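Notes for the one structure printed next.
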2 protein chains.
Amino acid sequence: MDSGIKRPGVTSSEVARRAGVSQSAVSRTFTPGASIAPKTRAKVLAAAKELGYRPNAIARSLITNKSRIIAVVMAYLENLFYPDVLEELGRQLAAQNYRLLLFTGSMARDSDPVFDQIMQYRVDGIILASTSLSSELSEECAAAGIPVVLFNRTTERDAVSSVTTRNREGGRRIGEFLLAGGHRRFGYIAGLETSSTNRDRYAGFAEALAEGGHTDIAIGTGNYSRADAEAAAREMLALPDRPDALFVANDHMAVAVMDVARYEFGLSIPQDLSIVGYDDVGPARWTSYGITTMSQPLKRMVDATVDILMEQISSGEIEAEHRILSGELVVRTSARVPESGVVEIDGRRVFKPKG
Amino acid sequence: MDSGIKRPGVTSSEVARRAGVSQSAVSRTFTPGASIAPKTRAKVLAAAKELGYRPNAIARSLITNKSRIIAVVMAYLENLFYPDVLEELGRQLAAQNYRLLLFTGSMARDSDPVFDQIMQYRVDGIILASTSLSSELSEECAAAGIPVVLFNRTTERDAVSSVTTRNREGGRRIGEFLLAGGHRRFGYIAGLETSSTNRDRYAGFAEALAEGGHTDIAIGTGNYSRADAEAAAREMLALPDRPDALFVANDHMAVAVMDVARYEFGLSIPQDLSIVGYDDVGPARWTSYGITTMSQPLKRMVDATVDILMEQISSGEIEAEHRILSGELVVRTSARVPESGVVEIDGRRVFKPKG
DNA sequence: AACATTTTTGCATTCGTATGCAATACGGTT
DNA sequence: AACCGTATTGCATACGAATGCAAAAATGTT
């Protein structure tokens, strides 16, 4: 029962004994770039295989002071955008030989207790995707030399890095699009009112409408949750002169709003009501919804996030960096299409006014 | 710059010095149940707070030989069922004071390389949710004393624990339901043909239909993926005498099939075509789809999974355990409703034939 | 007050690996 | 064969916390 069957606690010393070398030699065999003779290395590898040895990442972390673990905090996964992000993060972190420690479930809403866990595991980096961190804690991270990246959100104090898209421009583009579509009464279903993302999207939207001479916008709050969005939609669509154009702060809520509009109010979309969303998440592309939406370049956002992290980890310099990407307004069937400004790019219809 | 500001590598020894006690005392302060005088404890806590000390989980793991980390392997998150599972797992594991190391992204499809990572981190348990593990590897885990639980799948060799639902009975119930609805031509859109879940669901379905005198079932393969399911639906619905009743192996695919049926073939559901799914995942409840589906009791499945894990971890005994739960056939609008057998429970309509 | 018990404490060691340093082996030159 | 430079190797120690053990302190008993 020694060859083939692998015992739990095979250590480098056991392998060393078996191979007739020192423990150091074993360590060096498994450390890329270490000084080790090919012949010795071969002996060690043979012994290791026989015993089923695998380096103990815990012990390694202890001495190298690098865990090769990235903490990802995502309070909720209800919105498919986040699972998609998570999957891409998993792919990219694995490619960089990092592991992903996930914090999710409601407890992550208040990130402070989670934070303690994160610190205890001496993670090499932190990605905050649907939760924020008190500025106090982000300072603590900076002090501890742990890079933090906010994904799809920012804070006023720009002490912590972030990856976002041009939400304000996105909101503005949506406003222009709906104006160009000849709508008269506008509504906005908000996400979490405290989130920077929501604030910016609305600001851009209101700006564009104001320029078109519209200053009254019906407002409901969906808190990025399906249930709240439905409630907000019910209220708004029951208004005496209900909007004929709705900007919903993300697709996840837009889907809910469409269902309410169609099946509870019997409205035809887009004949009676135009709806525009944000994110371009899976269901937005499903034929039943076909949501016209501002896309967020998920892959490039993840690229940027991992990039910032890797750079800060390797350099040891934690200087807040803000990457801001652009999406495009993908035109589908949930909103009336303007006469002009819609162009076709790579088989996708996109709203690009003017030049 | 010493009080308040927290340095990275505060160790228990530093805290000990500050508090005027031994390192052991510090350790005991942070070890529940250890022998420590309240007075000493208070001194230590004060010093710890001052210095911003947090126990180093890595070092602790090394000596206790317990990482308090559970590895979760989920190859893909496209199907919302899995993010929901993940969120609940996050909640429950956190409640038990365990961390969740997530392996996702395509690389997890072939679990063997992932496995190496898992072993290196000396995780306390493994949950395999949308990937399998070669029997060789599961044996290795058993030998290493690491509990493994298959979530929503099984293997023939029952050496490894699993949590599933009665897929065969579920398939059978769906067959009965569609027969009771008076359908004549049946189709099945399969998941991954290698998966136990798919096999069992189909077996039960075919069984029920056979008892009703129907032995020819049109079959397409969706591989649990949206794109494949769409292709399979296109093919099947173009058949000269296309089915009037379709069992789609999960809701994620059923949604895609509905879109194809409605918008590419102009079919009315359920007038022209009845569709039944499996899982009762979010979109199945959305009004646009209203999928009649076999529910899987997600929360109870996660309960069982965590329960098995905790039990095996604490006992050290790894004896394969198989928990099999039941769901119910939730009746919505995507399939013709039989004259009898549909009852209302807690506001949900459920198909419960006979007694 | 003297002794017996119990609680608390510190010492020293351990977990498994990485690494600076000095010692050794190896390869090539002359 | 003697020598030098480089490539390998082993030794010893460090990482940060947990814990068995024995010493010390606190508590209780008579």
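Worth saying up front: this structure is predicted, and the values here are computed from it rather than measured. Below, chain A is the first sequence line, B the second, and so on; all start at residue 1.
The interatomic distance linking R41(A) (CZ) with dA7(D) (P) rounds to 17 Å, in whole Å. Here dA25(C) presents its P atom at 16 Å from CD1 of I36(A), a figure rounded to the nearest Å. Between K66(A) atom NZ and dT19(C) atom C1' there is a gap of 15 Å when expressed in whole angstrom units. Here the P atom of nucleotide dG16(C) and the OH atom of Y121(B) are 17 Å apart, to the nearest Å.
For R60(A), the side chain to side chain contact (heavy atoms under 4.5 Å, CB included) partners two or more places apart in sequence, or in a different chain, are F30(A), P55(A), T64(A).
Each of V44(A), I36(A), V21(A) was checked for a side chain to side chain contact (heavy atoms under 4.5 Å, CB included) with R28(A), and the lone residue meeting it is I36(A).
A 4.5 Å side-chain heavy-atom check between M74(A) and F103(A) finds every atom pair outside the cut-off. Within the 4.5 Å cutoff, the side chain of E87(A) has heavy atoms near those of the Y76(B) side chain.
Scanning all heavy atoms of the two residues, the minimum distance from S162(B) to T154(B) falls at OG-CG2, 3.2 Å.
The residue I58(A) sits apart from the nucleic acid: no heavy atom pair falls under 4.0 Å.
One finds the OG1 atom of T165(B) at 6.0 Å from the CG atom of N152(B) (value rounded to the nearest 0.5 Å).
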Base-contact (B) and sugar-phosphate-only (S) positions in nucleotides 14-20 of chain D, heavy-atom cut-off under 4.0 Å, - elsewhere: BBBBBBB
